[in-house]
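The figures here come from the full heavy-atom set of this structure, side chains too, leaving out hydrogens, waters and symmetry mates. Start at 1 and go down the list; that is how both ligands and their atoms are numbered.
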Amino acid sequence: MDNEPQARIAAEDYLDALAAHDIDHLFCNPGTDFAPIVEAFARAARTNRKVPHPMVVPHENAALSMAHGYTMVTGKPQAVMLHTNVGTANSINMLIDASRDRIPLLLTSGRTPFTEGGASGSRSAHIHWAQEMYDQAGMLREVVKWDYEMKRGDQAASVVDRALELAMSSPKGPVYLSLPREVLGEVAETPVESSLAHRARPRAPIPSASDIEQLADWIAAARAPLIITGHVGQDPRDAVVLARLAKDWALPVIPYNTRYFAISANHPMFQGSMPGELLESADLVIVIESDVPWLPSKEQPAAGARIVQIGEDPLYARYPMRSFPSDLTITATALSVLEALEQALQGRTGAHLDERRTRLVARSRQLHAGWREEAEQAGRGNKNTLAWLNHCLREIVDRDTIVISEYSFHQEHCPLETPGSLYAVSAAGGLGWGFGASLGAKLASPDRLVLSVLGDGAYMFANPTACHYVAQMQKLPVLTVIYNNALYGAVRRATLDMFGSGLAAEGDGRLLADLPAPSFEKIMAAHDGHGERVERPADLPDAFRRAAAAVKSGQQALVNVICPP
Ligand SMILES: Cc1ncc(C[n+]2csc(CCOP(=O)(O)OP(=O)(O)O)c2C)c(N)n1
């Protein structure tokens with residue numbers, strides 16, 4: 001058998017097509033639908049052909065968040081393959097995150113064999129009947145840019161070309177392909193090739209000169225301009241230009257629910273993370289890549305303030321409802337607008353520049369003093385707080401650290417300096433993303449410390465055993481810090497916000513929010529990791545140092561920081 005030449009199968013063309021698109025990894029959670037893929041990988045290994053590296057990830061959400069994490073750091077789309085309808089269903093939480101975060105990725109899954117017999121790959125297991133759906137892609141169509149089922153083996157290359165060009169065009173996003181087993185197993189008479197070389201991709205949108213002139217005029221004349229960002233920093237170059245522009249023009253920046261490093265908290269124009277009073281007193285609000293620049297039910301810009309909305313998709317066309325006002329709407333990448341503005345502003349003088357700079361620099365100093373005092377006071381107390389936790393991270397975070405935040409990291413207390421150093425959970429807020437994303441980030445940058453700061457709830461949503469398993473087996477030593485308030489804090493806040501004088505408030509809003517926490521640190525013993533539990537503020541700095549040292553020596557580590565609410 002070994003010496004007989006074997007007929008090439010479509011799954012081999014398919015893997016070659018992924019490699020032609022420079023896809024490094026195929027994150028897999030397999031089932032009976034994978035047989036041709038397994039065979040194709042085995043054949044590629046035998047002949048030393050370059051194909052993506054296959055990796056078993058023992059939960060679908062973890063597979064998707066790993067792909068997300070790898071792509072957010074490298075910009076390179078990756079592929080995921082899951083098991084038919086059931087595996088696909090498990091992944092949709094993370095797919096929603098990737099979709100709202102415009103992460104290009106190729107999600108694929110097997111499709112149960114459609115033939116009941118007679119073909120290579122026909123149904124051969126009980127589940128093959130019950131796993132068939134009328135429309136497998138229907139359950140996720142709303143959150144992908146494109147979906148398709150491969151019909152014939154000789155389509156392998158052209159289908160992958162189509163999938164990737166759509167995933168990578170502006171605005172980027174995930175795409176979905178289902179792969180029937182018979183099709184992957186078809187004999188490929190002649191190998192098909194990718195048509196990549198003849199498919200120029202459209203470039204991302206850039207602003208018109210007249211819109212930039214208008215905006216530059218408004219900035220020069222403004223008394224109290226304000227920039228609110230959300231997605232700025234996905235391209236790390238955004239943050240470089242924004243820092244210059246904010247400094248030169250004394251433009252305060254609020255990275256509100258930021259998903260990336262937009263500006264350092266040490267920059268004098270970083271003015272906190274909540275729009276608040278600056279929004280209410282602004283006469284020009286420049287919203288850059290933010291789906292929700294403020295909460296209209298809580299705060300509003302002043303009447304008469306000019307509002308500008310900028311983004312690759314400034315209307316957020318896939319959001320059913322969104323009604324933020326706009327006097328000027330620019331469809332363009334953040335980088336192209338920031339660069340064009342910098343140029344356009346060069347010949348202009350700002351009407352209120354000096355006064356504004358003095359005021360904002362003083363405000364920044366005052367904010368920093370307050371944040372420091374809040375943290376240090378907690379450090380002298382007898383219970384850890386989120387501010388103290390973040391403050392203590394300063395000891396281990398350096399310019400090369402990658403920080404992943406599932407709501408619990410705050411630059412106010414631990415300023416970062418490097419573009420591309422911060423990644424936070426998607427605007428969709430599908431929890432369980434951070435741990436897997438940190439593994440993907442580590443895979444992409446093995447020499448950097450990857451630190452994720454997660455709520456106890458967020459940690460448990462990540463299927464932690466699956467994630468610790470991957471960290472162990474794939475040798476991806478990451479540092480996980482749990483902000484453990486034994487609570488779904490956000491759930492409690494929402495209850496008290498809406499029913500502060502209702503019956504639920506009598507129980508402090510804790511009904512359905514209490515989350516008595518087990519000893520998460522002990523989970524590390526099962527995964528050859530370093531685990532610590534910290535109850536007292538004074539013990540936290542040393543615990544972080546020990547954990548960072550363990551990671552440096554190649555061990556994954558977890559610090560369970562008990563922060564009683
Ligand atoms: C997949 C998913 N399920 C449920 C929710 C609803 N939810 C939003 S915040 C939250 C609590 C998260 O708890 P934790 O991570 O401990 O952070 P805390 O709110 O306590 O700071 C929950 C359950 C969600 N966002 N995503």
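- Less than 4.0 angstrom separates some heavy atom of Ala490 from each of these atoms of ligand 1: 9 (S), 19 (O).
- In summary, the atoms of ligand 1 found under 4.0 Å from a heavy atom of Gly489, numbered by their order in the structure, are 18 (P), 19 (O), 20 (O).
- Residues His25 and His53 place their aromatic rings such that the two centres sit under 6.0 Å apart.
- Using a 4.5 Å cut-off on side-chain heavy atoms (C-beta onward), Glu532 and Glu521 make no contact.
- Using a 4.0 Å cut-off to heavy atoms of Asn93, the atoms of ligand 1 that qualify are 1 (C).
- Open room surrounds CG on Asn382; 12 or fewer heavy atoms of other groups in view lie less than 6.0 Å from it.
- Scanning all protein heavy atoms for the shortest distance to atom 17 (O) of ligand 1 gives Gly455 CA, 4.2 Å.
- In the vicinity of Ala458, heavy-atom distances shorter than 4.0 Å reach the ligand 1 atoms 14 (P), 15 (O).
- The nearest protein atom to atom 26 (N) of ligand 1, hydrogens excluded, is given as Leu431 N, 3.2 Å; this is a heavy-atom distance.
- Close contacts of ligand 1 with Gly457, meaning ligand atoms under 4.0 Å from a residue heavy atom, involve 13 (O), 14 (P), 15 (O), 16 (O).
- Within the listing of ligand 1, atoms 21 (O) sit less than 4.0 angstrom from a heavy atom of Tyr483.
- The nearest heavy-atom contact from the protein to atom 4 (C) of ligand 1 is Phe461 CZ, 3.6 Å.
- Residues Arg399 and Thr418 approach most closely at O-OG1, 2.7 Å, considering heavy atoms.
- Around the CD atom of Glu373, the shell of radius 6.0 Å holds more than 12 heavy atoms that belong to other residues, nucleotides or ligands.
- Distance from atom 25 (N) of ligand 1 to its nearest protein heavy atom, with residue and atom name: Gly429 O, 2.8 Å.
- Using a 4.5 Å cut-off on side-chain heavy atoms (C-beta onward), Arg100 and Tyr319 make contact.
- Under the 4.0 angstrom criterion, atom 6 (C) of ligand 1 counts as lacking any protein heavy-atom contact.
- Residues Leu439 and Leu443 have side chains not in contact (no heavy-atom distance under 4.5 Å, counting atoms from C-beta outward).
- Each of the following atoms of ligand 1 lies closer than 4.0 Å to a heavy atom of Asp456: 16 (O).
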When you look at Arg322 and Asp291, which way does the salt bridge (charged side-chain N to carboxylate O under 4.0 Å, His left out) test go after all the steps?
-> CA-CA 8 Å; Arg322 181 182 182 275; Asp291 54 351; over 6 Å; no
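- Protein heavy atom at the shortest distance from atom 11 (C) of ligand 1 is Tyr488 CD2, 3.4 Å.
- Between the CE atom of Met72 and the OH atom of Tyr260 there is a distance of 7.5 Å, given to the nearest 0.5 Å.
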